[in-house]
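A short write-up of the structure that comes next.
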Amino acid sequence: MLIVYDSLTGLGKKFSESLDYKSQPVKEKLSEKCILITRNVGAGKIPRTTKKFIRKHKELIVGFVNNGDREKHGETFCGSSDKLVKEYGLLLIKNIEGAGNDEDIKDVKAFIANHEN
Ligand SMILES: Cc1cc2nc3c(=O)[nH]c(=O)nc-3n(C[C@H](O)[C@H](O)[C@H](O)COP(=O)(O)O)c2cc1C
């Protein structure tokens, strides 16, 4: 499984790389199924780059992980996940904080193992 990340400050990229699969940024060419690692840019707001990626590749996205900041944005932690599920029809794997922790890595790896084919 390929991991595709939309990461501005590098935390989503770091999480992507900790999964031990091939990974690449959203702006690169894509021709295989992937897991999307995205982030938030405000209460319930999806980054423009993520929207563009979804419009282009929706059918290749098996599920997504949203990366938020509970400390600074507790009220709207990973607020864009709801929209990604309801409006874009994507499957939420997990909301994580920053670069994620060992449990996040384990959970996402388990999801991938169940969705490899
Ligand atoms: C302008 C702005 C607004 C944000 N709003 C939210 C938010 O509403 N909820 C949330 O959970 N995180 C919010 N965040 C935090 C980002 O999702 C978080 O910093 C994320 O880890 C960035 O990932 P990256 O390092 O891969 O770019 C916001 C960040 C920025 C810069």
Side-chain angles (χ1 to χ4, degrees):
M1 186 78 72
L2 179 68
I3 315 296
V4 178
Y5 54 85
D6 183 343
S7 179
L8 189 67
T9 64
L11 295 171
K13 179 175 191 275
K14 192 171 171 206
F15 180 72
S16 300
E17 289 169 354
S18 66
L19 295 170
D20 296 328
Y21 284 87
K22 202 154 60 98
S23 60
Q24 66 181 49
V26 271
K27 59 178 188 289
E28 271 179 31
K29 199 167 166 265
L30 179 76
S31 53
E32 60 187 287
K33 286 203 294 179
C34 70
I35 301 295
L36 171 65
I37 314 293
T38 187
R39 59 194 163 89
N40 299 266
V41 283
K45 281 198 182 154
I46 303 165
R48 192 181 44 80
T49 37
T50 286
K51 286 186 186 169
K52 192 174 167 195
F53 177 78
I54 297 170
R55 275 197 294 271
K56 219 168 154 186
H57 299 297
K58 186 171 180 299
E59 72 291 348
L60 291 174
I61 307 169
V62 178
F64 75 97
V65 173
N66 197 0
N67 163 22
D69 185 337
R70 204 187 289 278
E71 203 175 306
K72 285 196 195 137
H73 303 275
E75 297 269 308
T76 59
F77 176 65
C78 286
S80 61
S81 285
D82 225 28
K83 208 170 268 180
L84 287 164
V85 171
K86 290 185 181 141
E87 290 179 21
Y88 290 81
L90 297 187
L91 177 66
L92 173 64
I93 303 170
K94 194 168 188 182
N95 291 326
I96 66 166
E97 287 186 68
N101 58 29
D102 289 350
E103 197 187 336
D104 298 327
I105 293 169
K106 188 167 80 64
D107 290 347
V108 177
K109 278 186 164 179
F111 176 92
I112 294 171
N114 281 326
H115 293 79
E116 276 290 16
N117 294 305

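We count ligands from 1, going down the list as the structure has it; atoms in each ligand are counted the same way.
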Query raised in the report: Relative to the heavy atoms of A43, which atoms of ligand 1 are at a distance of less than 4.0 Å?
Result: 8 (O)
Query raised in the report: Just wondering, do N40 and T76 contact through their side chains at under 4.5 Å, heavy atoms?
Result: no
Query - A99, G42, G100, G44: member with heavy atom nearest to atom 4 (C) of ligand 1 - result: G42
Report task. Find all atoms of ligand 1 within a distance of less than 4.0 Å from any non-hydrogen atom belonging to L8, and give their numbers and elements. Result -> 24 (P), 26 (O), 27 (O)
Report task. Check each of N67, V41, T76 against atom 1 (C) of ligand 1 and report the one with the nearest heavy atom. Result -> V41
Requested in this report: Looking only at protein heavy atoms, identify the closest one to atom 31 (C) of ligand 1 and say how far it is in Å.
Outcome: N40 O, 4.9 Å
Report summary line: the protein heavy atom lying closest to atom 26 (O) of ligand 1 turns out to be S7 OG, 2.6 Å
**Report entry** L11-ligand 1 polar pair, N/O distance under 3.5 Å
**Finding:** yes
Query - Neighbour count >12 (heavy atoms, 6.0 Å) for atom CD, E28 - result: yes
Quick one: side chains of residues 82-90, donor-acceptor pairs under 3.5 Å with protein atoms, not counting sequence neighbours, listed by atom name and distance.
residue	atom	partner	partner atom	Å
D82	OD2	K86	NZ	3.2
K83	NZ	G44	O	3.1

Query raised in the report: If you draw a 6.0 Å radius around CD in E116, do more than 12 non-hydrogen atoms from other residues or ligands fall strictly inside?
Result: yes
Query - Any N or O of F77 closer than 3.5 Å to N or O of ligand 1 - result: no
Query raised in the report: From atom 19 (O) of ligand 1, is the closest protein heavy-atom distance below 4.0 Å?
Result: no
Report task. Any atoms of ligand 1 less than 4.0 Å from a non-hydrogen atom of G12? List them with their elements. Result -> 24 (P), 25 (O), 26 (O)
Report task. Among K51, K52, R39, find the residue that satisfies the salt bridge (Lys or Arg N to Asp or Glu O under 4.0 Å) test when tested with D6. Result -> R39
Query - Candidate with minimal heavy-atom separation from atom 24 (P) of ligand 1, of D6, D69, T9 - result: T9
Query raised in the report: According to the interplanar angle, ranging from 0 to 90°, do the rings of F53 and H57 count as parallel (below 30°), tilted (30 to 60°) or perpendicular (above 60°)?
Result: tilted
Report task. Please say whether more than 12 non-hydrogen atoms of neighbouring residues, nucleotides or ligands are located less than 6.0 Å from CG in N114. Result -> yes
Query raised in the report: Are any non-hydrogen protein atoms located under 4.0 Å from atom 10 (C) of ligand 1?
Result: yes
Query raised in the report: Within the distance-only criterion (no hydrogens, no angle test), does the side chain of D107 pair as donor or acceptor with the backbone N or O of D104 below 3.5 angstrom?
Result: no
**Report entry** Residue that, paired with T38, satisfies side chain to side chain donor-acceptor pair (under 3.5 Å) out of N67, N66, T50
**Finding:** T50
Requested in this report: Report, in ascending order of atom number, the atoms of ligand 1 lying under 4.0 Å from any heavy atom of C78.
Outcome: 9 (N), 10 (C), 11 (O)
